[in-house]
Amino acid sequence: MGDFVRMATVEVAREDIIKRLENTIARDPNAVASMYAPDAVRYDPTAPQGMKGRDAIRKYHQTLAKAFKDVEARTLSVVSKDDITAWEWVGTLTHSGPFELPTGTLAATNRRVTLRGATFYRFNREGLIAEQRDYFDIAGLMQQLGVKS
């Protein structure tokens, strides 16, 4: 019975983290960073080299907070198994500041864009995010922002 209660508590904690992420992405980089292990790694199509460590992840979210306003994230589904949680989401946001990309910085377009994607998290024993991998249509995002290919 103890393992069941512990696993149920872990599942609730993961869903709580997803709810917190919905409300903090591109708004509060410090709150987002606090959900990650100090040695966490994160991979994202806009930062293919990845990020290592809570400070690097905080800096990335500071960049997002400068580039995007009026961010609305909505959960489509959440599935967990063992230490992995998959979050399918849709986000709507306004590109209102410089957006740093591997190819250079994109000046604000003030366009409202919609992005669908999925994120896979691996949680550590403390319930913090140890690894994150984001998947979304970067070409579709660039098209919505008016970037010529």
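A quick note: this is a predicted structure, and the numbers were derived from the prediction, not measured.
Expressed to the nearest 0.5 Å, how far CD1 of Ile57 lies from CE of Met35 amounts to 11.5 Å. Here the OG1 atom belonging to Thr92 is positioned 7.5 Å from the CZ atom belonging to Arg74, to the nearest 0.5 angstrom. Of the inter-residue distances, the one linking Asp39 atom CG with Asn124 atom CG reads 8.0 Å to the nearest 0.5 angstrom. The CD atom of Gln62 sits 6.5 Å away from the CG atom of Asn30 when rounded to the nearest 0.5 Å. Lys59 NZ to Met51 CE: the interatomic distance, rounded to the nearest 0.5 Å, is 12.5 Å. From Leu101, atom CG reaches atom CE of Met142 across 4.5 Å, with rounding to the nearest 0.5 Å.
For the pair Tyr60 and Ala47, the tightest heavy-atom approach, listed with the atom from each and the gap, is CE1-CB, 4.1 Å. A pairwise comparison of heavy atoms in Trp89 and Tyr135 identifies CZ2-O, 4.4 Å as the closest pair. Taking both residues in full, the closest heavy atoms of Gly117 and Phe136 are given as CA-CB, 4.1 Å, listed atom of the first, atom of the second, then distance. Considering all non-hydrogen atoms of both residues, Lys69 and Ser96 come closest at CG-OG, 2.7 Å. When all heavy atoms of Ser34 and Ala31 are compared, the pair lying nearest together is OG-O, 2.7 Å. Contact detail for Pro48 and Thr46: the closest heavy-atom pair is CD-C, 3.6 Å.
Side-chain contact between Val147 and Phe99 is absent, with no heavy-atom pair separated by less than 4.5 Å. Between Phe123 and Ile129 there is a side-chain heavy-atom pair separated by less than 4.5 Å. By the 4.5 Å heavy-atom criterion applied to side chains, Gln132 and Asp44 are not counted as neighbours. The closest side-chain heavy-atom distance from Arg58 to Val32 is not below 4.5 Å. Counting heavy atoms from C-beta outward, Asp82 and Ile84 have side chains that stay 4.5 Å or more apart.
Clustering ILVMFWY residues whenever any of their side-chain heavy atoms sit less than 4.5 angstrom apart, transitively, puts Leu141 in the very cluster that holds Val71. The same ILVMFWY cluster, assembled from side-chain heavy atoms under 4.5 Å apart, contains both Leu115 and Val113.
Under a 4.0 Å N-O distance rule, the pair Arg112/Glu72 qualifies as a salt bridge. A salt bridge is absent between Arg125 and Asp83: the closest approach of a Lys/Arg side-chain nitrogen to an acidic carboxylate oxygen does not fall below 4.0 angstrom.
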Show every donor-acceptor pair shorter than 3.5 Å between a side-chain atom in residues 103-111 and any protein atom, with sequence neighbours excluded, or say none if there are none.
unit_1 : atom_1 : unit_2 : atom_2 : d
Thr109 : OG1    : His95  : ND1    : 3.0
Thr109 : OG1    : Arg111 : N      : 3.3
Arg111 : NH1    : Gln144 : O      : 3.1

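Evaluation of the side chain to side chain donor-acceptor pair (under 3.5 Å) rule for Arg133 yields Glu131 as partners, not counting sequence neighbours.
Side-chain contact check for Ser77 and Glu88: at least one donor-acceptor pair (N or O, by modelled atom type) lies under 3.5 Å.
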